[in-house]
Each structure stands twice: as C-alpha cells, then as structure tokens.
Amino acid sequence: MYDSFEKLKADCMKCEKCGLCKTRTNLVFGVGNENAEVMFVGEGPGRNEDLQGEPFVGKGGQLLDKYLEYIDLDRHKNIYIANMVKCRPPENRDPSEEEQDCCIGWLREQTRLIRPKIIVCLGRISAKRLIGRDFLVTKEHGVFKEKGGILFMGTYHPAALLRNPNNKAPALEDFISLREKIWEVCDHTYDVHR
Ligand code: URA
C-alpha cells in the first residue's frame, strides 16, 4: 500500500509484472487531478498512447475530450483518467485476463489514493472487470451502481463510437446523466469552473 502518488507512479513506471512491458514504448500511468472526485477507466493504451505516454490521445481520445467538455470536465483539471492495463497490448488486442490480473493492483492503488466518488468505465473491458462480469454495454450503459462506497457507471468506449456513430447520442445521454450525478454527489468537481 502506498501513501503517495509520486511513489506509486515511480514504482509503476518500472513495472515488469507481465509480458506487455517487453513491447511498450511508454507505460501509460494516467492523467489528471489526483484529487478528482470522478475517475474514468479505459481498456489499455493504443498506438498513440504508447508513443506519447498519455491515455486517450488518439482519435477516440479527441472524441472523449468533446464529451468531457460538453459537461465541463477537463482531463487536466477536474477528473482523472486511467486504464485497466498500463502497457499497450500488441496489435491493439484486448488485454488478457492474466494481464489485467497483473496490472489491476496499480489501478486499485490509484483508486485508493484518489478516493473518487464516481468511476466511469469506458467500454466493456473495464465495465466487466469493475462493475460485473455480465455487464452489457448495450443494455446497462448510463446506469449507476454503488459498490464499496463508489458509484460506477459504464458507457461506450470512444473507439466503439467511432466505429458505430449510431451510439453517439446514447453516449451523450450517459455524459449528461453523469453531470447530474456529479451535481448530486460531488463537492468540488465543478468548482474550478466557477
Ligand atoms: N483506448 C483505451 O481504452 N485507452 C486508451 O488510453 C486509449 C485507447
């Protein structure tokens, strides 16, 4: 257990717990405010993220930033963004259960130190792992579920929205629900914009 984010990050950056370390350019630890009340969890770095060392910086990330902006959230100000696995799975395949098992300790520590009130799962990989094995994005997106004192909500992965733009409108509804939930349960997320 860590008592500082700096120490956690320093150790994580050296991680060699699974084979993904062998093919990474950069480990992608996370980005944002360490005191955020709202955390987003994606799947794992893609090519651009691996090259730049920051989550969601490709086309999907640009779409995510638009949704965030629509509800006054900003990756550098009032939220934190991380992934289930910190290193890029080759060819952008899904991270395996074993790779997720190896990596989830880092995410747990990030969550323990950040102490978010809300966690938004971006896509099925993180939703299945963090909300429930049977989670179905098509049926359960936008629904908040309390677990261990944290409200979890799953929504579409931005890359999936690029592939299937029909889901962009329901995804936007999820972000609007998120804004309402933030008003309801968060204390300072929107303060930075006042
Ligand atoms: N997809 C993810 O799930 N995470 C990223 O950081 C980039 C793409």
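When a residue number appears, it is its place in the shown sequence, counting from 1.
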For the aromatic rings, using the six-membered ring if either is Trp, is the centroid distance between Tyr67 and Tyr156 under 6.0 Å? no

Evaluate salt bridge (Lys or Arg N to Asp or Glu O under 4.0 Å) for Lys59 paired with Glu49, printing each intermediate quantity in order. CA-CA 11 Å; Lys59 283 220 172 85; Glu49 292 75 21; over 6 Å; no

Under 3.5 Å side-chain donor-acceptor pair for Thr25 and Asp50: yes

Do the side-chain N and O atoms of Gln110 and Lys86 include a donor-acceptor pair separated by under 3.5 angstrom? yes

Joining Ile, Leu, Val, Met, Phe, Trp and Tyr whenever any side-chain heavy atoms lie under 4.5 Å apart, the cluster holding Val85 also takes in Leu20

Between Ile79, Leu63, Leu178, which is the residue that forms a side-chain contact (heavy atoms from CB on, under 4.5 Å) with Leu68? Ile79

Six-ring centre of Trp106, Lys9 cation under 6.0 angstrom, axis tolerance 45°: no

Taking the six-membered ring for Trp, are the ring centroids of His141 and Phe135 within less than 6.0 Å of each other? no

Salt bridge check, Glu43 against Arg88: does any charged N sit closer than 4.0 Å to a carboxylate O? no

Candidates Val28, Ile81, Asn48 - the one meeting side-chain contact (heavy atoms from CB on, under 4.5 Å) with Phe56: Ile81

Any salt bridge (Lys or Arg N to Asp or Glu O under 4.0 Å) involving residues 143-161? Give me the pairs, sequence neighbours left out, ordered by first then second residue. none

Enumerate the salt bridge (Lys or Arg N to Asp or Glu O under 4.0 Å) contacts for residues 107-117, please, sequence neighbours excluded, ordered by first and then second residue. Glu37-Lys117, Glu109-Arg112, Lys117-Asp187

